[in-house]
Visitor: 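Below: one structure in structure tokens.
Index from 1, following the sequence.
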Amino acid sequence: MITIVTLDGPAGVGKTTIARQLADRLGIAYLDTGAMFRSVALYFGEGSWEKPVDQLVPELNRLDFDLEGEGRHSELLLNGYPLSPDIRSEEVGLWASHLGRIPVVRDFLRRNQQAIGRIISLVAEGRDMGSVVFPTARHKFFMDASIDVRAKRRHAQLKAMGMEEGLERIHAQIRIRDDQDRNRVVAPLKPAQDAVIIDTSALDADRVLEKIVEHIRQKGLLDD
Ligand code: DC
């Protein structure tokens, strides 16, 4: 039996941290779909979002994502190779957001994400997991927090990865991404109608995880 838990929310809200820990608790894999958009952005390079669509399609068709392992050891592979740590910069996050507005890019990644979710149980993390990619998922969550809290979280996260960037700059980039991710025509960032919304502004990661686990426990992990 395959179970899909979706975890959506805006940039910097802490989805990856929670998705990894939740997948560990549940003993299933986690799928970081932001990392897929970021890898495509890094692979295609700056300005690729301005290319004509008929040039992007053959380039997309050369890409194939796989997911190996489970819990915190889940690892995405692009054409058989681990993803580059360089995908984590805010700049590449912004490129990913630009590419995420293009329907053929979204379609291509959605098919890849759904193919993975047909084979294994997942905590699937992104912007449109509950609304578009896995609309029939049993458990859907939407994490939110104020932009100030998210910019500070992202700042601390990047610092911990040795990729320090100024708080003001991160704040500005998150604002652009928020606006772009929420207002794009295809699959905009918004909670699925049946998602549980969790405002994490005043909660640490442990509390957020406990809240999510409690909801899942109440409903039961698997279909009856
Ligand atoms: O979650 P993240 O910050 O790693 O995502 C980077 C960008 O990728 C995000 O600003 C928009 C895009 N994205 C998307 O459009 N849909 C997803 N499911 C995941 C990410």
Side-chain angles (χ1 to χ4, degrees), residues 4-13 15-16 19 30-67 76 78 83 87-118 122-145 147 150 154 172-198:
I4 307 284
V5 181
T6 62
L7 199 53
D8 290 304
V13 76
K15 298 183 301 287
T16 306
Y30 89 92
L31 178 66
D32 177 353
T33 61
M36 297 170 94
F37 280 88
R38 285 168 180 265
S39 306
V40 174
L42 187 64
Y43 190 86
F44 283 6
E46 186 167 13
S48 53
W49 48 90
E50 275 154 16
K51 284 189 185 172
V53 168
D54 53 358
Q55 232 176 57
L56 285 177
V57 172
E59 291 186 29
L60 283 167
N61 287 335
R62 266 184 244 130
L63 306 180
D64 185 39
F65 286 94
D66 276 318
L67 183 61
L76 265 169
L78 173 55
L83 308 186
I87 63 169
R88 293 295 162 196
S89 71
E90 260 311 300
E91 189 178 17
V92 175
L94 193 55
W95 297 2
S97 174
H98 295 327
L99 271 175
R101 297 172 64 198
I102 304 176
V104 291
V105 175
R106 301 208 71 81
D107 277 355
F108 172 79
L109 288 178
R110 177 180 45 75
R111 283 196 301 273
N112 240 285
Q113 292 152 7
Q114 289 172 334
I116 295 171
R118 266 193 293 276
L122 291 176
V123 176
E125 176 238 304
R127 301 288 186 290
D128 56 347
M129 295 297 104
S131 54
V132 173
V133 179
F134 297 111
T136 61
R138 179 162 174 80
H139 305 282
K140 298 185 185 180
F141 298 93
F142 189 93
M143 289 169 61
D144 214 346
I147 185 162
R150 291 187 282 121
R154 179 49 57 92
Q173 283 177 325
I174 287 187
R175 187 176 290 287
I176 298 172
R177 283 211 281 152
D178 269 3
D179 192 47
Q180 196 155 258
D181 294 349
R182 287 186 213 271
N183 294 314
R184 68 177 167 236
V185 179
V186 194
L189 168 69
K190 65 164 190 240
Q193 266 184 351
D194 49 349
V196 176
I197 298 177
I198 300 183

Visitor: Could you list the donor-acceptor pairs under 3.5 angstrom formed by side chains in residues 37-45, with sequence neighbours left out?
Guide:
residue : atom : partner : partner atom : Å
Arg38   : NH1  : Ile87   : O            : 2.8
Arg38   : NH1  : Ser89   : O            : 3.2
Ser39   : OG   : Ala35   : O            : 2.6

Visitor: Nearest heavy-atom pair of Lys190 and Phe142: which atoms, and what distance?
Guide: C-CE1, 3.7 Å

Visitor: Measure across Pro188 and Val185 and return the closest heavy-atom pair with its distance rounded to 0.1 Å.
Guide: CD-O, 3.9 Å

Visitor: Give, for atom CE of Met129 and atom CD1 of Ile4, the distance between the pair rounded to the nearest 0.5 Å.
Guide: 10.5 Å

Visitor: Between CG of Leu99 and CG of Leu56, what distance do you get to the nearest 0.5 Å?
Guide: 7.0 Å

Visitor: Between Lys140 (side chain only) and Gly130 (backbone N and O only), is there a donor and an acceptor less than 3.5 Å apart?
Guide: yes

Visitor: Please find the pair of heavy atoms, one from Gln114 and one from Val133, that lie closest to each other, and give the distance.
Guide: NE2-O, 2.9 Å

Visitor: Please lay out, stage by stage, how Tyr30 and Val5 fare under the test side chain to side chain contact (heavy atoms under 4.5 Å, CB included).
Guide: CA-CA 9 Å; Tyr30 89 92; Val5 181; over 6 Å; no

Visitor: Between Gly117 and Leu122, which heavy-atom pair has the shortest distance, and what is it?
Guide: CA-CD1, 3.7 Å

Visitor: Assess whether side chain to side chain contact (heavy atoms under 4.5 Å, CB included) is satisfied between Arg154 and Gln173, documenting all intermediate values.
Guide: CA-CA 11 Å; Arg154 179 49 57 92; Gln173 283 177 325; over 6 Å; no

Visitor: Could you tell me which non-hydrogen atom of Thr33 sits nearest to which non-hydrogen atom of Gly126, and how far apart they are?
Guide: OG1-CA, 3.3 Å

Visitor: What distance separates Asp144 CG from Asp8 CG, expressed to the nearest 0.5 Å?
Guide: 11.0 Å

Visitor: Let me check something: any side-chain donor-acceptor pairs from residues 175-182 under 3.5 Å, sequence neighbours excluded? List them with distances.
Guide:
residue : atom : partner : partner atom : Å
Arg177  : NH2  : Glu90   : OE1          : 3.3
Arg177  : NH2  : Glu90   : OE2          : 3.1
Asp178  : OD1  : Arg150  : NH1          : 3.1
Asp178  : OD2  : Arg150  : NH1          : 3.4
Asp178  : OD2  : Arg150  : NH2          : 2.7
Asp179  : OD1  : Asn183  : ND2          : 2.9
Gln180  : OE1  : His98   : ND1          : 3.3
Gln180  : OE1  : Arg101  : NH1          : 3.4
Gln180  : NE2  : Ser97   : OG           : 2.8
Gln180  : NE2  : His98   : ND1          : 2.9
Asp181  : OD1  : Ser97   : OG           : 2.7
Asp181  : OD2  : Arg127  : NE           : 3.3

Visitor: Identify, with sequence neighbours excluded, every residue that meets side-chain hydrogen bond (donor to acceptor under 3.5 Å, both in side chains) alongside Asp32.
Guide: Arg88

Visitor: For side chain to side chain contact (heavy atoms under 4.5 Å, CB included), just list the numbers for Leu63 and Phe108, CA-CA rounded to whole Å, side-chain angles, deciding distance to a tenth of an Å, and then say yes or no.
Guide: CA-CA 9 Å; Leu63 306 180; Phe108 172 79; 4.0 Å; yes

Visitor: Roughly how far, to the nearest 0.5 Å, is the OG1 atom of Thr6 from the CZ atom of Phe141?
Guide: 8.0 Å

Visitor: Hey, what do you get for CZ (Phe65) to CG (Leu31), rounding to the nearest 0.5 Å?
Guide: 9.5 Å

Visitor: Determine, stepwise, if the pair Val105 / Trp49 fulfils side chain to side chain contact (heavy atoms under 4.5 Å, CB included).
Guide: CA-CA 10 Å; Val105 175; Trp49 48 90; over 6 Å; no

Visitor: Looking at Gln55, I want to see if its CD is surrounded by more than 12 non-hydrogen atoms of other residues, nucleotides or ligands under 6.0 Å.
Guide: yes

Visitor: Once you round to the nearest 0.5 Å, how far does CG of Asn112 lie from CE of Met36?
Guide: 4.5 Å

